[in-house]
Amino acid sequence: MKKLFIALVALLPTLAIAAGGHVHLEDANVDLHDKASLERGLDMFQHYCSGCHSTQYQRYERVANDLGISADDMRSKYMFTDAKIGELMQNAIPPKDAAKWFGATPPDLTLVARVRGEDWVYSYLKGFYKDPSRPFGVNNTVFPSVGMPHVLEELQGTPVKQEDGTIVVSGGKLNAEEYDQAVRDITGFLVYSAEPVKLERQALGWWVLGFLFIFFIVAYLLKKEYWKDVH
């Protein structure tokens, strides 16, 4: 509980910045039923994000079970430390070193999609553009003065912001459509990470509503049966 509180407090300053920006957010259109997309998102996150960011409120084993990944595949493809599969998904970078290198400790991202929303995460990952005035040479349309590099640049290419605000991209391993899907995959994984039981909760909600509806009918008929003698 203490770690959870610390994570939420750490996200509040950046949340306030983003909330005050009044930027246009693109629709992420995440599908939590698409386990193939979620696994691709896990793969992308582990290879491009987990060096600095962790998702320390979930366990490798839970992720593997939820996404239908075998324990052997989880260890060989997505675990880059000597952690056991039942352990939390923490990164190996010491917080003090991270603060020294980046100016601040990179936040844990387990809850980022729940705190900010999936559209914000999706738009943020697509919002980087070249800015030589920044320490890492990039800025972000969603999060101005961002303090992190554009880790997906080799996939997207070099994004240059035009005078009209549009971003033109050159180079990169993926075309625009493929890059959008890659970003959607990562976003989907972070949406899942923020609430692994979301689909179960939604399914249970329909059962609860059905029970209440049936109970209402029974209660109404019972009420009529009792009150007919009163009149």
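Sequence positions, counted from 1, serve as the residue numbers for this chain.
With a 4.5 Å cut-off on side-chain heavy atoms, W227 and K223 count as touching. In this structure, F211 and I214 have side chains that are not in contact, with every pair of non-hydrogen atoms separated by 4.5 Å or more. Looking only at side-chain heavy atoms (C-beta outward), Y48 and L155 come within less than 4.5 Å of each other. Taking the side chain as every heavy atom from C-beta outward, E153 and F128 never approach each other to under 4.5 Å. With a 4.5 Å cut-off on side-chain heavy atoms, L109 and V121 do not count as touching.
A donor-acceptor contact closer than 3.5 angstrom links the side chains of D164 and T166.
Here the closest heavy-atom approach between residue S54 and residue M89 is recorded as CB-O, 3.5 Å. Contact detail for Q58 and Y192: the closest heavy-atom pair is OE1-CE2, 3.8 Å.
With hydrophobic clusters built from ILVMFWY side chains whose heavy atoms lie under 4.5 angstrom apart, V138 does not share a cluster with V160.
With hydrogens and angles disregarded, no donor-acceptor distance shorter than 3.5 Å links the side chain of R114 to the backbone of E195. With E178 contributing its side chain and N175 its backbone, the two residues share a donor-acceptor pair below 3.5 Å. Judged by distance alone, the side chain of K35 and the main-chain N or O of I69 form no donor-acceptor pair under 3.5 Å. A donor-acceptor pair under 3.5 Å is absent between the side-chain atoms of N139 and the main chain of P144, judged by distance alone. Between the side chain of R134 and the main chain of S145, a donor-acceptor pair closer than 3.5 Å is present.
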- Verdict with supporting geometry, M148 and F136, side chain to side chain contact (heavy atoms under 4.5 Å, CB included): CA-CA 7 Å; M148 67 170 282; F136 292 101; 5.6 Å; no
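Heavy atoms of other residues, nucleotides or ligands lying less than 6.0 angstrom from CZ of R62 number more than 12.
Looking at D43 and R40, no side-chain N of the basic residue comes within less than 4.0 Å of a carboxylate O on the acidic one, giving no salt bridge.
Only one option out of L190, V63, D185 pairs with L42 in a side chain to side chain contact (heavy atoms under 4.5 Å, CB included); it is V63.
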